[in-house]
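Residue numbers start from 1 in every chain, and the chains themselves are labelled A, B, ... in the order their sequence lines are given, proteins ahead of strands.
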There are 2 protein chains.
Amino acid sequence: MLKIGDFSALSQISVKTLRYYDETGLLRSAHIDPENGYRYYLAGQLSDLHRILALKDFGFSLEQIAQAMQAGITAEQMRGMLLLRQAEQRKRLEDETDRLNRLNSRIRLIEQEGRMAYDVVLKSVPKQWIASVRETIPAYNTVGNLYGKVSAALGPSMSACQFGVALWHDPEFKENDVDAEAGFYLKQKVPAGNGVSVHELPEATMATTIHNGSYQRLPEAYDSLLRWVAENGYQVAGPIRELYLKISMPVRQDDESYVTEIQVPVSKPA
Amino acid sequence: MLKIGDFSALSQISVKTLRYYDETGLLRSAHIDPENGYRYYLAGQLSDLHRILALKDFGFSLEQIAQAMQAGITAEQMRGMLLLRQAEQRKRLEDETDRLNRLNSRIRLIEQEGRMAYDVVLKSVPKQWIASVRETIPAYNTVGNLYGKVSAALGPSMSACQFGVALWHDPEFKENDVDAEAGFYLKQKVPAGNGVSVHELPEATMATTIHNGSYQRLPEAYDSLLRWVAENGYQVAGPIRELYLKISMPVRQDDESYVTEIQVPVSKPA
DNA sequence: GCTTGACCCTCCCCTTACTGGAGACCCTAG
DNA sequence: CTAGGGTCTCCAGTAAGGGGAGGGTCAAGC
């Protein structure tokens with residue numbers, strides 16, 4: 001019979017941890033002296049502990065290990081467990097690889113451009129009702145003219161609007177003759193009409209960034225964002241959205257208090 | 001001013017998390033109504049939140065992020081942070097890759113041998129005093145004869161002994177003329193003499209496994225262990241140790257109550 | 001003006017796999 | 001017989017929030 005300190009020395013596992021395993025039932029001590037509560041272990045329990053440590057090293061939780069241990073598992077069942085864990089571990093490895101790639105990409109961007117670069121966040125946005133008009137306009141920065149039309153057509157329904165948004169439908173960047181959709185996100189559905197379309201934008205996975213300030217510096221944000229998309233192995237999968245989260249009337253191109261979010265729908269090519 | 005729910009909807013970050021960030025000072029709400037305690041956010045804070053999320057995605061802890069955020073960091077400082085994180089992430093990726101390899105190796109072993117295979121654990125063992133004799137013996141299983149010599153030579157010092165141990169000094173497996181060292185681990189240093197050497201084994205990183213039962217099945221344990229060492233990219237880096245953790249007198253080759261630990265010192269080839 | 005449902009608040013407990021410490025008891029060697 | 005080290009239980013804390021209770025607040029519809 002070994003005292004807990006001896007068992008700890010043999011196994012290189014801390015006394016604290018052994019007590020924890022005993023307490024949680026993962027590895028019960030072979031005997032407890034009822035006089036003084038001392039735990040006693042058998043040398044033969046070292047193989048149980050080794051099994052626990054090996055499974056832990058494979059990435060199983062203590063709870064999973066406890067289940068496997070008390071069930072007197074066969075080689076075939078063990079193989080099944082390990083194959084499941086293998087799949088999870090592959091996924092994990094892929095995630096960590098992607099994370100490293102994102103880090104590398106950001107470092108490159110900072111080194112090449114000498115500035116901080118925009119923070120790009122990948123997120124899934126829910127379905128969203130929108131009231132809008134879609135027209136071919138001469139250039140990006142003339143999109144503002146469309147909002148008057150929308151709000152005039154909506155009339156009292158304007159109260160259901162949250163904030164302005166633009167969608168760029170051209171699959172490639174175009175200087176002129178831009179296929180633009182402009183309108184407002186809606187708190188709830190409102191009737192369409194008067195040339196205004198009311199429809200629901202689908203749920204989508206978006207690479208997004210926030211631009212603070214003047215619209216004249218928007219191209220830098222687009223630059224960071226689109227490079228992020230390309231360098232991390234995504235492709236653009238739909239119209240890019242611009243959300244005008246803070247704006248003031250009358251609209252000015254160089255108001256530094258404006259807040260704009262750019263969203264690029266993305267997908268991983270198969 | 002946005003209520004916490006609005007800010008949550010815009011950012012896709014849960015209200016709970018936003019409150020947690022406020023509480024911990026990571027992202028304070030711009031204003032708190034003193035009447036009712038409601039938190040209010042500005043749209044401009046979205047870019048702060050985006051920075052937090054981007055850094056979190058890179059693997060920084062919230063505490064690290066908080067420090068970086070309140071210091072008004074420059075692009076160059078940010079680059080330094082990211083380079084440090086990059087090195088950590090590379091290490092992590094390597095660890096996770098090794099873990100997957102260990103998993104693969106174990107699965108292969110089970111599939112090829114149709115049994116559970118031994119649980120191999122990598123651990124670092126501390127320096128250890130030993131009293132021993134070293135001789136060339138006809139075969140492995142005749143090592144038992146040496147222990148009598150050692151205990152006779154030690155005399156009353158035997159009380160400082162913990163358990164018997166054998167070291168195999170041959171770099172390759174040998175059936176005959178085995179260069180063997182046999183003796184006992186010591187609780188403290190004792191005087192040498194009478195043909196017994198007392199010296200200290202160095203600290204070492206060991207791949208280890210526990211064998212329960214008859215010595216006749218020890219070769220299976222060696223098989224699992226040495227395959228593990230080879231398949232996980234280690235090389236043997238010193239004499240293999242056998243620790244006789246539970247044994248009884250007289251020694252029998254087929255006693256199923258014996259417990260033996262095999263330790264292979266390993267290193268990663270450069 | 002009233003009600004109702006959605007929203008917001010704080011406070012507490014829970015998660016994993018332990019680690020650290022306090023205070024008390026116990027064992028063994030000299 | 002004493003000193004030290006070993007062991008016990010209990011409590012608190014970790015990172016990053018999630019879940020829920022209990023209670024106050026706000027806005028819209030009637």
For nucleotides 21-26 of chain C, which of its nitrogen or oxygen atoms have a protein nitrogen or oxygen under 3.5 Å away, and what is each distance?
{"from": "C:dG21", "atom 1": "O6", "to": "A:Lys16", "atom 2": "NZ", "distance (Å)": "2.7"}

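- Looking at A:Gln64, its side chain does come within 3.5 Å of a backbone N or O of A:Ser61 through a donor-acceptor pair.
- Remark: P of C:dG20 and OH of A:Tyr20 are 16 Å apart, rounded to the nearest angstrom.
- For residues 43-62 of chain B, proximity to DNA chain C is found at no residue, defined as any non-hydrogen atom under 4.0 angstrom from a strand atom.
- Taking a 4.0 Å limit (strictly below) on heavy-atom distances, residues 80-103 of chain A does not reach DNA chain D anywhere.
- Ion pair A:Glu88/A:Lys91 not flagged as a salt bridge, since none of the NZ, NE, NH1 or NH2 atoms sits closer than 4.0 Å to an Asp/Glu carboxylate oxygen.
- No option in A:Arg99, A:Arg92, A:Arg90 other than A:Arg92 meets the salt bridge (charged side-chain N to carboxylate O under 4.0 Å, His left out) test with B:Glu96.
- Aromatic ring centroids of B:Trp228 and B:Tyr234 lie under 6.0 Å apart.
- With a heavy-atom cut-off of 4.0 Å to chain B, the contacted part of DNA chain D has its first and last nucleotide at D:dA16 to D:dC26.
- Counting to the nearest Å, the C1' atom of C:dC18 and the CD1 atom of A:Ile13 are 12 Å from each other.
- Listed by chain and residue number, nothing satisfies the side chain to side chain donor-acceptor pair (under 3.5 Å) test with A:Ser8 (two or more places apart in sequence, or in another chain).
- In this view, B:Phe60 satisfies the ring pair (Phe, Tyr, Trp, His ring centres under 6.0 Å) rule with no residue, not counting sequence neighbours.
- Applying the side chain to side chain donor-acceptor pair (under 3.5 Å) definition to pairs two or more places apart or across chains, those involving residues 123-132 of chain B are B:Lys123-B:Glu261, B:Trp129-B:Glu200, B:Ser132-B:Glu181.
- Listed by first and then second residue, the side chain to side chain donor-acceptor pair (under 3.5 Å) pairs involving residues 18-35 of chain A are A:Asp22-A:Arg39 (not counting sequence neighbours).
- The distance between atom CG of B:Leu2 and atom C1' of C:dC7, rounded to the nearest whole Å, is 15 Å.
- Distances shown here put a side-chain N or O of A:Thr17 below 4.0 Å from the OP1 or OP2 atom of C:dT19.
- Partners of A:Tyr38 according to the ring pair (Phe, Tyr, Trp, His ring centres under 6.0 Å) rule, which considers only residues two or more places apart in sequence or in another chain, do not exist here.
- Residues A:Tyr147 and A:Phe184 place their aromatic rings such that the two centres sit under 6.0 Å apart.
- Shortest non-hydrogen contact noted between A:Val120 and A:Ser224 is CG2-O, 4.5 Å.
- Nucleic acid contact for A:Tyr40: none, since no nucleic acid atom lies under 4.0 Å from a heavy atom of the residue.
- Residue B:Arg19 is in base contact, counting any heavy-atom pair closer than 4.0 Å across all strands shown.
- A:Asp6 places its CG atom 13 Å from the C1' atom of C:dC27, with the value rounded to the nearest Å.
- Toward the 5′ end of DNA chain D lies the nearest nucleotide of B:Ser14, the other residue of the pair B:Ser14 and B:Lys3 mapping further downstream.
- A straight line from CG of B:Asp33 to C1' of C:dC8 spans 11 Å, rounded to a whole angstrom.
- In terms of the ring pair (Phe, Tyr, Trp, His ring centres under 6.0 Å) criterion, residue partners of B:Tyr185 (sequence neighbours excluded) are, by chain and number, B:Phe163.
- Residues passing the side chain to side chain donor-acceptor pair (under 3.5 Å) test with B:Ser14 are B:Thr17, sequence neighbours excluded.
- Comparing the helix axis at one end of the helix from C:dG1-D:dC30 to C:dG30-D:dC1 with that at the other, each defined from 5 consecutive pairs, gives an inter-axis angle of 20° (nearest 10°).
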